[in-house]
There are 2 protein chains.
Amino acid sequence: MPGTTPPLGGRHVATGHEVLAAVLQVRDGRLRVLAWQRGIAPDEGRWALPGGHLRDDEDVEESVRRQLAEKVDLSDVAHVEQLGVFSAPHRVPDARIVATAFLGLVPSDADPAVPDDTAWQPVDALPPTAFDHAAIVDDALDRLRAKLSYTNIGFALAPAEFTVSALREIYAGALGHPVSATNLQRVLTRRGQLEPTGAVSPPGPAGGRPAALFRFTRRTLRVTDAFAVLRPPGEVGRAVVP
Amino acid sequence: MPGTTPPLGGRHVATGHEVLAAVLQVRDGRLRVLAWQRGIAPDEGRWALPGGHLRDDEDVEESVRRQLAEKVDLSDVAHVEQLGVFSAPHRVPDARIVATAFLGLVPSDADPAVPDDTAWQPVDALPPTAFDHAAIVDDALDRLRAKLSYTNIGFALAPAEFTVSALREIYAGALGHPVSATNLQRVLTRRGQLEPTGAVSPPGPAGGRPAALFRFTRRTLRVTDAFAVLRPPGEVGRAVVP
DNA sequence: TCCTGTTTTCGCCTATCAATCGAAAACGTG
DNA sequence: CACGTTTTCGATTGATAGGCGAAAACAGGA
């Protein structure tokens, strides 16, 4: 179908495809994104998302996992999904690079070692970012917040076991506004996302009743049931969706 | 950041980026996809999605609109959104072509002229498809059906004005299962998606009460309200989401 | 030991909403 | 003018989200 690479226009000198990942985690109550500070021009000193060139023998999912492994322990990344393509002709200067952006989620109890130039930056107070990476972070935020309401994606932000209070803090941090613990527990339980482990967590230094521990029933993405009107008769639950 | 195009591996002879669109429409009660029959190898005779090479001076959205315009009247396409990247190394033979796939939606009353090699194929009985285009159609179906339940995306499948019965037929065709007209009307009205125009439609040949005409209140994508638990206090509605 | 402060859990109440059913309205046909 | 057809509307039932407050379970200090 297609021929060879189209001729470069204007001042383009390089062509290619890269992958980029906005890896999010709730740390001390704030939603943060993994970023590294560029040491060379262009955009020296600015903060960039992890990523790099797509190789010829891998698809974009393999590529983003390979490149993420250079910054964090991949086993700490609980969920990865494609956000979309960023392809404005001059999104990086002096080159024609199309980027596939990803959303990655890390449970709040994970603390992977990161390189010296890499840090968790708060999404509501991002330092100056490189290229169009701020727009990618925005898309990641929108996607996460939307999916928190109609999928079980919270499993990727929460530890394997947690108290309702801890989960409330995670949701509040991710959504950026206060969340009712009582209602959160009831809604997620009713949706079949949450189940008690049976164990309890010891109370904090200030005392208080020991909190029951919960876990997510599934640790793979699943969208919440739609209304019966729009659902094939007799079915419950649905497959994975972007 | 990136250098030049990485060396081609194996038997790859061409590199590039293409866009592809799965354009869906409900015709005579069935969901169909716009496809054209390839006249040349590879995959000669098989049915392919509209699309083509990404140019150097356009982003993928501009590109898909440009290429779609070669097959149908663009003004009939009520909604276009990105599905994702298809990038398996050998998804097309003897070349390394990464594809950005799109979902397009055409209202059921539109009947755009199409080229001779192009036709609306039923998605539940697709003829043999070229390359990985069947997988793209599957993704488009999943995306559409999921969004019908938590967004107002139905506006892009429905005419400007319609009866509840006509809307029921559209939803049933798109979802692939029967839908209750009464419940559909009530649910969509309650969500603020539907409003009566005041006019009525003349009854069919068999008589019957004239049906009231309705329209969608918004003709841009909007996700349905989440539960108050997960919503910033006082807000209603939310922004656009993939 | 008892009291106080803290944190979590549970139950109750209310309002809202989905789903279903059935009756009535509005039309064409014989 | 009666009958079949199609749509619309109202009433009822059942389920669930949201909010509030009481009770349970713990630590620490008097």
Side-chain angles (χ1 to χ4, degrees), chain A residues 29 148-150 158 161-172 175 177-215 224-237, chain B residues 29 148-150 161-172 175 177-215 224-236:
Chain A
L148 279 174
S149 65
Y150 66 85
E161 299 193 349
F162 45 85
T163 67
V164 174
S165 301
L167 189 65
R168 188 201 61 78
E169 209 167 320
I170 291 171
Y171 270 73
L175 292 169
H177 62 79
V179 170
S180 150
T182 313
N183 290 337
L184 181 66
Q185 174 181 9
R186 189 173 30 75
V187 168
L188 295 187
T189 303
R190 167 121 280 294
R191 291 181 176 181
Q193 293 185 19
L194 228 54
E195 67 184 8
T197 68
V200 295
S201 146
R209 174 174 177 167
L213 288 177
F214 292 83
R215 73 169 80 92
T224 307
D225 301 351
F227 298 105
V229 207
L230 304 170
R231 192 169 43 195
E235 277 200 30
V236 82
Chain B
L148 279 175
S149 66
Y150 66 86
E161 301 193 346
F162 47 83
T163 67
V164 173
S165 301
L167 190 65
R168 187 201 62 78
E169 209 166 321
I170 291 171
Y171 270 72
L175 292 170
H177 63 79
V179 171
S180 149
T182 313
N183 290 338
L184 181 65
Q185 175 180 9
R186 187 177 30 75
V187 168
L188 295 188
T189 302
R190 168 123 279 295
R191 291 180 175 181
Q193 294 185 20
L194 228 52
E195 68 185 5
T197 68
V200 295
S201 143
R209 175 172 176 167
L213 288 176
F214 291 82
R215 73 169 80 92
T224 307
D225 300 351
F227 298 105
V229 208
L230 304 170
R231 192 171 43 196
E235 276 200 32
V236 82

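Just so we're on the same page: letters track the sequence lines, and every chain starts at 1. Computed from heavy atoms alone, side chains included, the values below leave out hydrogens, waters and symmetry copies.
- Between Glu169(A) atom CD and dT7(C) atom P there is a gap of 12 Å when expressed in whole angstrom units.
- A residue-by-residue look at Pro210(A) and Ala212(B) shows that Ala212(B) has its nearest nucleotide of DNA chain D further toward the 5' end.
- In this structure, Ile170(B) CD1 and Leu175(B) CG are separated by 11.5 Å, a value rounded to the nearest 0.5 Å.
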Review item, nucleotides 22-25 of chain C N/O atoms under 3.5 Å of protein N/O:
from    : atom 1 : to        : atom 2 : distance (Å)
dA25(C) : N3     : Arg209(B) : NH1    : 3.4

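- Taking atom CG of Leu184(B) as the reference point, atom P of dA18(C) lies 12 Å away to the nearest angstrom.
- Between the CG atom of Leu188(B) and the P atom of dA18(C) there is a distance of 10 Å, given to the nearest Å.
- Evaluation of the side chain to side chain contact (heavy atoms under 4.5 Å, CB included) rule for Thr182(A) yields Ser180(A) as partners, not counting sequence neighbours.
- The side chain to side chain donor-acceptor pair (under 3.5 Å) search around Arg168(B) returns none, not counting sequence neighbours.
- Heavy atoms of Thr163(B) sit nowhere under 4.0 angstrom from any nucleic acid atom.
- Shortest non-hydrogen contact noted between Ala158(A) and Leu167(A) is CB-CD1, 4.0 Å.
- When the P atom of dT7(C) is taken as reference, atom CD of Gln185(A) falls 17 Å away, rounded to whole Å.
- For Arg215(B), the salt bridge (Lys or Arg N to Asp or Glu O under 4.0 Å) partners two or more places apart in sequence, or in a different chain, are Glu195(B).
- Across all strands shown, Arg186(A) has heavy atoms under 4.0 Å from base atoms, whether or not it also approaches the sugar-phosphate.
- Thr163(B) meets the side chain to side chain contact (heavy atoms under 4.5 Å, CB included) test with Ser165(B), Ala166(B), Ser201(B), Ala211(B), Leu213(B); sequence neighbours excluded.
- Across its full length, the helix from dT1(C)-dA30(D) to dG30(C)-dC1(D) shows an angle of 20° between the axes of its 5 terminal pairs at either end, rounded to 10 degrees.
- Across dA18(C), dT7(D), dT8(D), the shortest atom-to-atom separation from the side chain of Ser165(B) is found for dT7(D).
- No engagement by Ala181(A) is indicated, since no non-hydrogen atom pair under 4.0 Å with the nucleic acid exists.
- In terms of heavy-atom proximity, Ala172(B) sits nearest to Pro178(B) at CB-CA, 4.4 Å.
- Taking atom CG of Leu194(A) as the reference point, atom P of dT9(C) lies 11 Å away to the nearest angstrom.
- Atom CG of Asn183(B) is separated from atom P of dA19(C) by 5 Å (rounded to the nearest Å).
- In terms of the ring-ring contact (aromatic ring centres under 6.0 Å, His included) criterion, Phe214(A) has no residue partners (sequence neighbours excluded).
- Closest to the side chain of Arg190(B), out of dA17(D), dT8(C), dA18(C), is dA18(C).
- If you take CG of Leu167(B) and P of dT7(D), they are 12 Å apart, rounded to a whole angstrom.
- Scanning for side chain to side chain donor-acceptor pair (under 3.5 Å) contacts around Glu161(A) gives an empty result, with sequence neighbours left out.
- At whole-Å resolution of the value, CZ in Phe214(B) and P in dT7(D) are 12 Å apart.
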